[in-house]
Protein chains: 2
Amino acid sequence: MNEVIERILNHRSIRSFEDKPLTEDQIHTIIESAQAASSSSFIQAYTIIGVTDRKKKAALAQVAGSQEYVEKNGHLFVFCADLHRHDVIAEMENKDLGEPLESTEKFMVACIDAALAAQNASLAAESMGLGICYIGGIRNDLPAVSEILQIPTRVVPLFGLTVGYPEKITDKKPRLPLTNVYHINGYQQEKDTFIAELREYNDIVSRYYLERTGGKRADTWTGQIASMLEKKSRMYMKEFVEKQGLNKR
Amino acid sequence: MNEVIERILNHRSIRSFEDKPLTEDQIHTIIESAQAASSSSFIQAYTIIGVTDRKKKAALAQVAGSQEYVEKNGHLFVFCADLHRHDVIAEMENKDLGEPLESTEKFMVACIDAALAAQNASLAAESMGLGICYIGGIRNDLPAVSEILQIPTRVVPLFGLTVGYPEKITDKKPRLPLTNVYHINGYQQEKDTFIAELREYNDIVSRYYLERTGGKRADTWTGQIASMLEKKSRMYMKEFVEKQGLNKR
């Protein structure tokens with residue numbers, strides 16, 4: 001196993017950091033790494049915002065559900081799907097690009113571009129001995145986030161990424177069985193097998209929690225996910241994204 | 001610079017592979033690496049389909065615009081945003097999860113989850129000395145792709161990923177200026193600076209093409225992207241995604 005794969009397989013989300021800022025060099029290496037990722041038709045449809053302002057970090061932490069590690073970390077990045085740059089291109093090139101920029105296709109491209117870049121950033125950070133955690137919680141209130149970060153139209157903040165020196169190392173959570181995630185030559189259609197795999201995985205996840213909570217908690221994965229989904233969180237998203245001029249047609 | 005960052009910064013898309021299949025071990029390491037990525041609230045909302053069937057590969061290559069390297073490579077993966085698994089969860093847990101599964105929020109989560117996994121897969125492959133290329137071209141005709149790969153509702157194939165032994169190494173394309181992609185404490189609002197940066201980048205991109213085509217081609221980035229967007233490609237996407245039961249509310 002080479003060093004890259006070792007790093008990848010050793011990933012765990014870190015939720016407690018030292019209050020020690022990253023250096024400019026570290027930040028630049030992380031951004032350059034993000035930018036080195038592939039981009040659909042070279043469209044480069046994302047922007048990364050680094051947040052250093054204490055008040056803004058506190059406000060973002062509040063949006064994310066007052067998670068302490070959103071405030072206290074080495075650096076906080078916010079990854080955005082961005083087609084605003086392409087509005088500027090339309091102006092520079094004197095073209096009407098409204099329709100394609102409003103399409104679901106291009107919104108998907110922007111989300112994917114941003115995520116590919118973010119995963120490179122994460123791995124670059126982890127390879128420096130830093131820990132990372134994605135902060136989906138900023139999506140709790142994107143109108144607020146947009147105000148805090150002065151987000152223009154055609155831009156949607158997707159998630160935060162906290163990076164820093166780990167204070168507490170967490171355990172690695174077991175993933176879905178490989179055969180449930182990886183199918184050959186077509187989507188796996190045998191429902192009984194599919195459900196049997198999920199039940200098998202439930203046992204693994206329950207054991208994981210039992211061991212780590214001294215028997216107090218024994219959640220299954222399907223139970224956990226069903227409860228999470230049942231909350232119907234962030235149902236305002238369609239409206240917000242459309243208001244930003246994306247995913248409209 | 002450590003090995004991980006070196007690998008990341010050294011990325012280039014490979015579009016010509018030897019006709020030498022990956023081993024089962026290589027494929028499994030790539031999938032395990034994909035699965036090790038972070039996932040929003042541990043939802044694991046993606047599925048990867050490995051395509052080995054020659055006829056299916058040929059059909060997918062045709063959808064993607066008859067790109068030879070979609071057929072001839074070491075392995076072809078198709079990454080899908082997947083909330084079908086969560087429909088099965090709803091049944092197992094006896095809950096009505098239709099509304100959240102149809103939300104734009106959860107569709108975004110699935111796209112992001114799939115992309116984070118894919119970038120891990122790419123880097124794992126590259127660290128083994130293999131080359132990769134993302135195949136957005138499969139989105140040219142997702143109804144056809146869905147038939148080829150028996151895609152159920154709540155699943156959207158997002159992109160292919162060809163992996164294999166590189167036959168020809170390509171050059172690394174210059175990325176947007178770091179300051180254009182990375183803003184501090186808020187979205188950069190000074191339009192003149194923004195445009196000046198894009199013009200500076202246009203010069204870099206033109207020089208890149210001039211040098212590599214012996215003076216025959218001198219595209220600017222903004223020109224290239226405007227022409228690409230002008231084609232209004234894949235405008236059927238919104239309808240298709242909604243028909244799959246996603247991004248509807």
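Throughout, a chain's letter reflects where its sequence line sits, starting with A, and its residues are numbered from 1. Note that the structure is predicted; figures quoted are calculated from it, not measured.
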Starting at [atom1] of [X], measure out to [atom2] of [Y] and round the result to the nearest 0.5 Å.
X       : Y       : atom1 : atom2 : result
K238(A) : F107(B) : NZ    : CZ    : 12.0 Å
L9(B)   : Q35(A)  : CG    : CD    : 10.5 Å
R249(B) : K232(A) : CZ    : NZ    : 8.0 Å
M235(B) : K106(A) : CE    : NZ    : 8.5 Å
S227(A) : L97(B)  : OG    : CG    : 9.5 Å
L158(B) : I112(A) : CG    : CD1   : 4.5 Å

Looking only at heavy atoms and a cut-off of under 4.5 Å, which of [options] has the most pairs with chain B?
options                            : value
N247(A), T29(A), I184(A)           : N247(A)
E6(A), M228(A), K172(A), K57(A)    : M228(A)
S40(A), S146(A), C80(A), G223(A)   : G223(A)
C133(A), P152(A), S103(A), A90(A)  : P152(A)
V241(A), L116(A), L101(A), I195(A) : L116(A)
A81(A), A34(A), G136(A), A124(A)   : A124(A)

With a 4.5 angstrom heavy-atom cut-off, is it the side chain or the backbone of [X] that approaches chain B, or both, or neither?
X       : result
V51(A)  : both
Q224(A) : side chain
D82(A)  : side chain
F42(A)  : both
R175(A) : both
V155(A) : side chain
K231(A) : neither
L178(A) : both
F240(A) : neither
L76(A)  : neither
M128(A) : both
E99(A)  : both
P157(A) : neither
N202(A) : side chain

side-chain contact (heavy atoms from CB on, under 4.5 Å) assessment of T220(A) paired with E93(B) | CA-CA 10 Å; T220(A) 65; E93(B) 298 289 333; 4.1 Å; yes
Parallel, tilted or perpendicular, as decided by the 30° and 60° cut-offs, for the rings of F77(B) and Y182(A) =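 Rings of Y182(A) and F77(B): tilted, as their planes differ by 30° to 60°.
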Is there side-chain contact between [X] and [Y], with at least one heavy-atom pair below 4.5 Å?
X       : Y       : answer
K191(A) : E91(B)  : yes
I225(A) : R85(B)  : no
M92(A)  : R199(B) : yes
I43(B)  : L229(A) : yes
Y46(A)  : V181(B) : yes

Under 3.5 Å, is there a donor-acceptor pair between the side chain of [X] and the main chain of [Y]?
X       : Y       : value
R234(A) : T104(B) : no
E105(A) : S233(B) : no
D53(A)  : N185(B) : no
Q44(B)  : L176(A) : yes

Best-contacting candidate, [options], against chain A by heavy atom pairs under 4.5 angstrom:
options                          : answer
E239(B), M1(B), H84(B)           : H84(B)
N10(B), I31(B), D96(B)           : I31(B)
H28(B), Q188(B), R139(B)         : R139(B)
A117(B), S41(B), S39(B), C111(B) : S41(B)
A115(B), A114(B), G137(B)        : A115(B)

Residue [X] excluded, over 12 heavy atoms near [atom1] under 6.0 Å:
X       : atom1 : value
Q189(B) : CD    : yes
D192(B) : CG    : no
E3(A)   : CD    : yes
K243(B) : NZ    : no

Shortest non-hydrogen contact from [X] toward [Y]:
X       : Y       : result
I132(A) : S38(B)  : CD1-OG, 4.3 Å
Q150(B) : Y187(A) : O-CB, 3.1 Å
I5(A)   : S33(B)  : CG2-OG, 4.2 Å

Let me see the working for L123(A) and R7(B) under side-chain contact (heavy atoms from CB on, under 4.5 Å), right down to the final yes or no.
-> CA-CA 11 Å; L123(A) 280 169; R7(B) 277 286 167 201; over 6 Å; no
Answer with side chain, backbone, both or neither: which region of V156(B) has an atom nearer than 4.5 Å to a non-hydrogen atom of chain A?
->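 Just its side chain gets close to chain A.
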Checking I30(B) against chain A: side chain, backbone, both or neither under 4.5 Å from a heavy atom?
->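 I30(B) has no heavy atom closer than 4.5 Å to chain A.
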Partners of K248(B) by side-chain contact (heavy atoms from CB on, under 4.5 Å), sequence neighbours excluded?
->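 Residues passing side-chain contact (heavy atoms from CB on, under 4.5 Å) with K248(B): E102(B), E242(B).
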Pairs flagged by side chain to side chain donor-acceptor pair (under 3.5 Å) wherever residues 117-127 of chain A is involved - sequence neighbours left out =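 For residues 117-127 of chain A, and leaving out neighbouring residues, the side chain to side chain donor-acceptor pair (under 3.5 Å) pairs sorted by first residue read H11(A)-E126(A), Q119(A)-Y134(A), Q119(A)-N120(B), N120(A)-Q119(B), S122(A)-Y134(A), S127(A)-N2(B).
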